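Heads up: the structure comes next, in structure tokens.
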Amino acid sequence: MKKTVIITGANSGLGFQTAKKIAAHSKDFEIILACRNPEKAKEAQEQISKETGNPNVSVMQLDTASLQSVRAFAKNYQEKYNKPIYALLCNAGIGAFNSAPKLTEDGFDVVFATNHLGHFLLTNLLLPFMEKEGKILVTASDMHNPLLQPGETFEWLGTEAIAHPGEKLAGSNLRYSYSKLCNVYFVYELARRLKAQNSTVKVNAFNPGLMKTHFSQTQESFFEYIRVNIPERYGDVDKSSSALAELTYSDDIILSSGHFYDRSTRPCFTSELSYNEQNAKELWEKSEQYTK
């Protein structure tokens, strides 16, 4: 039986390169590109199959900013595939720097909804389909511990303030950092809950670093500044996608849950704030309410 891998946001950047490397690794992998834009996803599907020789690549429509779209995806997966999932890669995302402050159709900040809430719902809906030793990998970021500007502070504001930001936060790039902190809280809390249920499904986070992709529509000089002055924040799309692909297709690297892999197959520690279990529990309970 082929190993089913679902990757959200897989038509470009990290998701695309990771999908291509998994497809190239073995034809035993069947990869589903879960993307917001079906046309771009179809182009990505054709390119991956052509370059890797792996015909087992398909497309499903998914917009993680829409809870309705997430529910439709889970329903469509059950109707079309209805088979165990070897790995779920929650990778789709947007940055606050290229997203004007706005609310989704469900009434949530678009960055919070796209990066966290949609994946929270998707993961919970697909958990019943996960293989016994299945893997969930969430693309987080070291920006969950942001580089602060003079006068900025970063502390947990509570889920409600992040989901429905006031005027000050709505105009701030910290919306992205809060969404990435939500990713880490989600991974750590889900890991605790799976352990309590004696589940052998493994959930972990992955940091690709700041990469030159369409996701980061930033001046070249900024990337160069980060590369030279803050190399611990800099990421290379080829290296990061190679690491994420290896974490996905290898069976002897990820042995437990609740880790944060940093641009490699090596886990590292996260910020002090990210280990606050009360915050993670509050986020989980609010996310349950929001997604009903």
Side-chain angles (χ1 to χ4, degrees), residues 3-11 13-16 18-19 22 30-38 41 58-94 104-131 134-141 159 162-163 179-191 193-194 197 199 201-206 244 247-248 257 280 283-292:
K3 299 176 180 178
T4 301
V5 177
I6 298 174
I7 307 178
T8 70
N11 63 274
L14 179 70
F16 173 77
T18 301
I22 296 170
E30 179 175 19
I31 301 163
I32 298 173
L33 311 181
C35 304
R36 182 169 54 87
N37 187 316
S58 58
V59 170
M60 289 183 66
Q61 202 278 333
L62 171 67
D63 180 0
T64 58
S66 165
L67 299 181
Q68 181 181 3
S69 176
V70 173
R71 288 193 172 90
F73 178 92
K75 185 172 183 288
N76 291 339
Y77 181 81
Q78 182 175 17
E79 293 174 350
K80 185 175 180 180
Y81 293 93
N82 198 29
K83 57 185 178 181
I85 299 169
Y86 174 82
L88 170 63
L89 275 59
C90 296
N91 168 74
I94 59 172
T104 66
E105 62 190 28
D106 302 297
F108 303 105
D109 174 70
V110 67
V111 178
F112 171 82
T114 303
N115 296 357
H116 164 68
L117 194 62
H119 284 121
F120 173 88
L121 178 60
L122 178 70
T123 301
N124 278 285
L125 292 178
L126 293 183
L127 266 175
F129 296 96
M130 297 299 299
E131 288 188 10
K135 304 175 188 178
I136 300 167
L137 285 158
V138 178
T139 300
S141 171
T159 306
I162 298 166
S179 76
K180 294 289 105 177
L181 180 58
C182 287
N183 289 155
V184 180
Y185 278 151
F186 169 55
V187 166
Y188 289 170
E189 181 65 17
L190 179 56
R193 288 169 183 260
L194 290 173
Q197 297 166 10
S199 171
V201 173
K202 300 174 183 65
V203 56
N204 293 282
F206 180 79
L244 184 54
L247 287 168
T248 303
S257 286
L283 172 67
W284 184 283
E285 292 174 349
K286 277 290 187 182
S287 297
E288 282 186 327
Q289 292 176 25
Y290 293 158
T291 57
K292 297 181 174 62

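Heavy-atom basis, side chains included; hydrogens, waters and symmetry copies ignored. For clarity, every value in this text was computed on a predicted model and none was experimentally measured.
In terms of heavy-atom proximity, Ala205 sits nearest to Val187 at N-CG1, 3.8 Å. Residues Ser66 and Glu105 approach most closely at OG-OE2, 2.6 Å, considering heavy atoms. Minimum interatomic distance between Lys135 and Leu247 (heavy atoms only, all atoms of both residues): NZ-O, 2.9 Å. Residues Ala113 and Ala65 come closest through the heavy atom pair CB-O, 4.2 Å.
Checking each of Leu126, Ile31, Leu62 against Ile6 for a side chain to side chain contact (heavy atoms under 4.5 Å, CB included) leaves exactly one that passes, namely Leu126.
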- [ ] Give the C-alpha distance, both sets of side-chain angles, the deciding distance and a yes or no for ring pair (Phe, Tyr, Trp, His ring centres under 6.0 Å) between Trp284 and Phe120.
- [x] CA-CA 9 Å; Trp284 184 283; Phe120 173 88; 4.9 Å; yes
Open item on the list: Could you walk me through whether Val138 and Thr123 satisfy the side-chain contact (heavy atoms from CB on, under 4.5 Å) test, starting with their C-alpha distance in whole Å, then the side-chain angles of each, then the deciding distance to 0.1 Å, before giving a yes or no?
Closed with: CA-CA 10 Å; Val138 178; Thr123 301; 5.7 Å; no
TODO: Begin with the C-alpha distance, continue with both residues' side-chain angles, and end with the deciding distance and a verdict on side-chain contact (heavy atoms from CB on, under 4.5 Å) for Asn183 and Thr139.
DONE: CA-CA 8 Å; Asn183 289 155; Thr139 300; over 6 Å; no
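A 4.5 Å side-chain heavy-atom check between Leu33 and Phe16 finds every atom pair outside the cut-off. Between Ile7 and Ile22, the closest side-chain pair of non-hydrogen atoms falls below 4.5 Å. Using a 4.5 Å heavy-atom threshold, the side chains of Ile162 and Leu181 count as separate. For the pair Val59 and Asn11, the minimum side-chain heavy-atom distance is 4.5 Å or more.
With sequence neighbours excluded, the residues forming a ring-ring contact (aromatic ring centres under 6.0 Å, His included) with Phe112 are His116, listed by chain and number. Among residues two or more places apart in sequence or in another chain, the side chain to side chain contact (heavy atoms under 4.5 Å, CB included) test is passed with Ser141 by Met143, Tyr176, Lys180, Asn207. For the side chain to side chain contact (heavy atoms under 4.5 Å, CB included) test, residues two or more places apart in sequence or in another chain that qualify with Ser257 are Ala191, Lys202, Val203.
With values rounded to the nearest 0.5 angstrom, Thr159 atom OG1 is found 6.0 Å from Tyr290 atom OH. Annotation: the span from His119 atom NE2 to Ser287 atom OG amounts to 13.0 Å, rounded to 0.5 Å. Of the inter-residue distances, the one linking Tyr185 atom OH with Leu283 atom CG reads 8.5 Å to the nearest 0.5 angstrom. Atom CD1 in Ile94 sits 4.0 Å away from atom OG1 in Thr114 (nearest 0.5 Å). Note that CG of Leu117 is 8.0 Å distant from OG1 of Thr104, once rounded to the nearest 0.5 Å. Atoms NZ and CG, on Lys75 and Leu125 in that order, are 12.5 Å from each other to the nearest 0.5 Å.
Judged by distance alone, the side chain of Asp109 and the main-chain N or O of Val111 form a donor-acceptor pair under 3.5 Å. When atom types are taken as modelled, the side chain of Tyr86 and the backbone of Thr248 share a donor-acceptor pair closer than 3.5 angstrom. A donor-acceptor pair under 3.5 Å is formed between the side chain of Thr8 and the backbone N or O of Asn91. In terms of modelled atom types and a separation under 3.5 Å, the side chain of Gln61 and the main chain of Arg36 share a donor-acceptor contact. No donor-acceptor pair closer than 3.5 Å links the side chain of Tyr81 to the backbone N or O of Asn76.
Surrounding CD of Glu79 are more than 12 heavy atoms belonging to other residues, nucleotides or ligands, all under 6.0 Å away.
In summary, the side chains of Asn115 and Ser179 do present a donor paired with an acceptor at a separation below 3.5 Å, with no hydrogens or angles considered.
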